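Each remark here refers to the structure printed beneath this line.
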2 protein chains.
Amino acid sequence: MIARTKRKETSQARRQLIVETAAACFIEKGFHQTSIRDIARRAGISLGNLYNYFENKTALIAEIAMLEASELDVLKNKLSKITDPAKALDRFVSLYTDHCCQQENSVLSAEIVSESFRSPDIGLGFLQNRIELVTVIADLIEKNAEREGVHPEIAPRDCAEFILDLIEGLAERSAFKGIGPARKATKALKTAIQKLVSV
Amino acid sequence: MIARTKRKETSQARRQLIVETAAACFIEKGFHQTSIRDIARRAGISLGNLYNYFENKTALIAEIAMLEASELDVLKNKLSKITDPAKALDRFVSLYTDHCCQQENSVLSAEIVSESFRSPDIGLGFLQNRIELVTVIADLIEKNAEREGVHPEIAPRDCAEFILDLIEGLAERSAFKGIGPARKATKALKTAIQKLVSV
DNA sequence: TATGAATGAACGTTCGTTCGTTCAATAAAG
DNA sequence: CTTTATTGAACGAACGAACGTTCATTCATA
């Protein structure tokens, strides 16, 4: 039995190696400029063996696209431990900004977005992910408004979308220049978000 | 002489046909899933003839990527005819929102962005275009602040980037769903932008 | 010994690109 | 105005390389 698990373990490790290698390749060259051979070679395994782990290239792309989802789950868990909605929102902005500003994440996001327009599976996963994120942020905004006894001028869900837009936009620009965002820009981002959530 | 221009004219018309056909193909299938044969077939010309007009596929992609630039020039010209900066800014928001919310523009933009990360020529063109647009908007914001005698809380250039982010984000979402943006969302967008430019 | 991981040659396509050729439009010569 | 020479647009077969995928086979381990 222990032997049986040993096999499963090494097999699962190999699978993860493939996923990580594929992600690296996709970030460097894009989905459709990366060949299965590229991934196999870089992972140090044979061409045929890769097909023991993934049915085809599309499945591999879908798997990578879903990686973002699990990363955002971690973020959502962190937020759920903060009781003050204003603090939680502020923390989210910091964490999500850091996340998005990593160049690899920005590049991969751009790849996924453009792929989403044509591949329904990937598009739906991406959308679902988005909706969950918006819901979490909108909840924070609403709770904060209730606590302060005010009626928000912008609908919470719209406001949440806007906040994500601002963060992702800033991140994309900084990824483009190849360096992290300027201190000034990050400060401006926080100011802008503050303006959006205030009445 | 008139004969000479006749040849040039038909030649130029053919060239434009190729560009437009290529754009349609790229929007439908993406840059790298579109083959030269796809374009030639759809344009109704032979494979070899296409190479009389474009050196290679990359040149064709670059040409398409630059199309956006000329479209935005039109927009900039319209703005330059409005003297009141607040009115001009409002008009810009409407026009640019309409432009971005056309699904083909959103899809093509996504394609260009992801391509920009890897192809320097396209990336620089895209960036240059962005900078010009930001400069125009930042000018409007600054003029408006001066006229009202206030000091803007967010630096005009940052604010301009944020406005573009909001518009493009909304457009991407609406393109994703395949329908135009909800009235409510467009209204929320205007409110949000108003908040950003106010002191 | 039995099982599943691992291999890489091979298959059929499709890709971007080249090239020799045809043919109609233009310019030059009579 | 005819006739002839020149141009360059248009074609599609052909090229070599690369693609995703399959499969018979080998190897290691439980």
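Within every chain, numbering begins at 1; the chains are lettered A, B, ... in the order of the sequence lines, protein sequences first and strands thereafter. The model shown is predicted, which means the values in this text are computed figures rather than measured ones.
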**Asked** Tyr51(A) OH to dG20(D) P: how many Å, rounded?
**Response** 6 Å

**Lys57(B) NZ - dT18(C) C1' separation (whole Å)** = 17 Å

**Request:** Apply salt bridge (Lys or Arg N to Asp or Glu O under 4.0 Å) to Arg147(A) and Asp84(A), showing your working.
**Result:** CA-CA 10 Å; Arg147(A) 178 168 297 199; Asp84(A) 179 10; 3.8 Å; yes

**Request:** Do nucleotides 6-18 of chain D as a string where each nucleotide becomes B, S or -: B if the base has a protein heavy atom under 4.0 Å, S if just the sugar-phosphate does, - if no protein is that close.
**Result:** -BSSBBB-B----

**Message:** For Arg157(B), give me all partners under salt bridge (charged side-chain N to carboxylate O under 4.0 Å, His left out), at least two apart in sequence or on another chain.
**Reply:** none

**Request:** Please lay out, stage by stage, how Phe117(A) and Ile27(B) fare under the test side-chain contact (heavy atoms from CB on, under 4.5 Å).
**Result:** CA-CA 10 Å; Phe117(A) 278 112; Ile27(B) 287 168; over 6 Å; no

**Message:** Measure CG/Leu60(A) against C1'/dT21(D) and give the value in whole Å, please.
**Reply:** 14 Å

**Asked** Which whole-number value in Å describes the distance from Asp38(A) CG to dG20(D) P?
**Response** 8 Å

**Request:** Check the distance between dG20(D)'s P and His32(B)'s NE2 and give it to me in whole angstrom.
**Result:** 14 Å

**Asked** Checking all strands, does Thr34(B) fall into the base, sugar-phosphate, or nothing category for heavy-atom contacts under 4.0 angstrom?
**Response** sugar-phosphate

**Item:** Whole-Å distance separating the CZ atom of Arg15(A) from the P atom of dG4(C)
**Value:** 18 Å

**Lys57(A)-Thr34(A) side chain donor-acceptor pair, cut-off 3.5 Å** = no

**Request:** State, without any angle test, whether Gln16(A) and Glu20(A) hold a side-chain donor-acceptor pair at a distance under 3.5 Å.
**Result:** yes

**Request:** Starting at atom CZ of Phe54(A), determine the distance to atom P of dT22(D), rounded to an integer number of angstrom.
**Result:** 16 Å

**Message:** Just the rounded figure in Å: distance from C1' of dC23(D) to CG of Leu50(A).
**Reply:** 16 Å

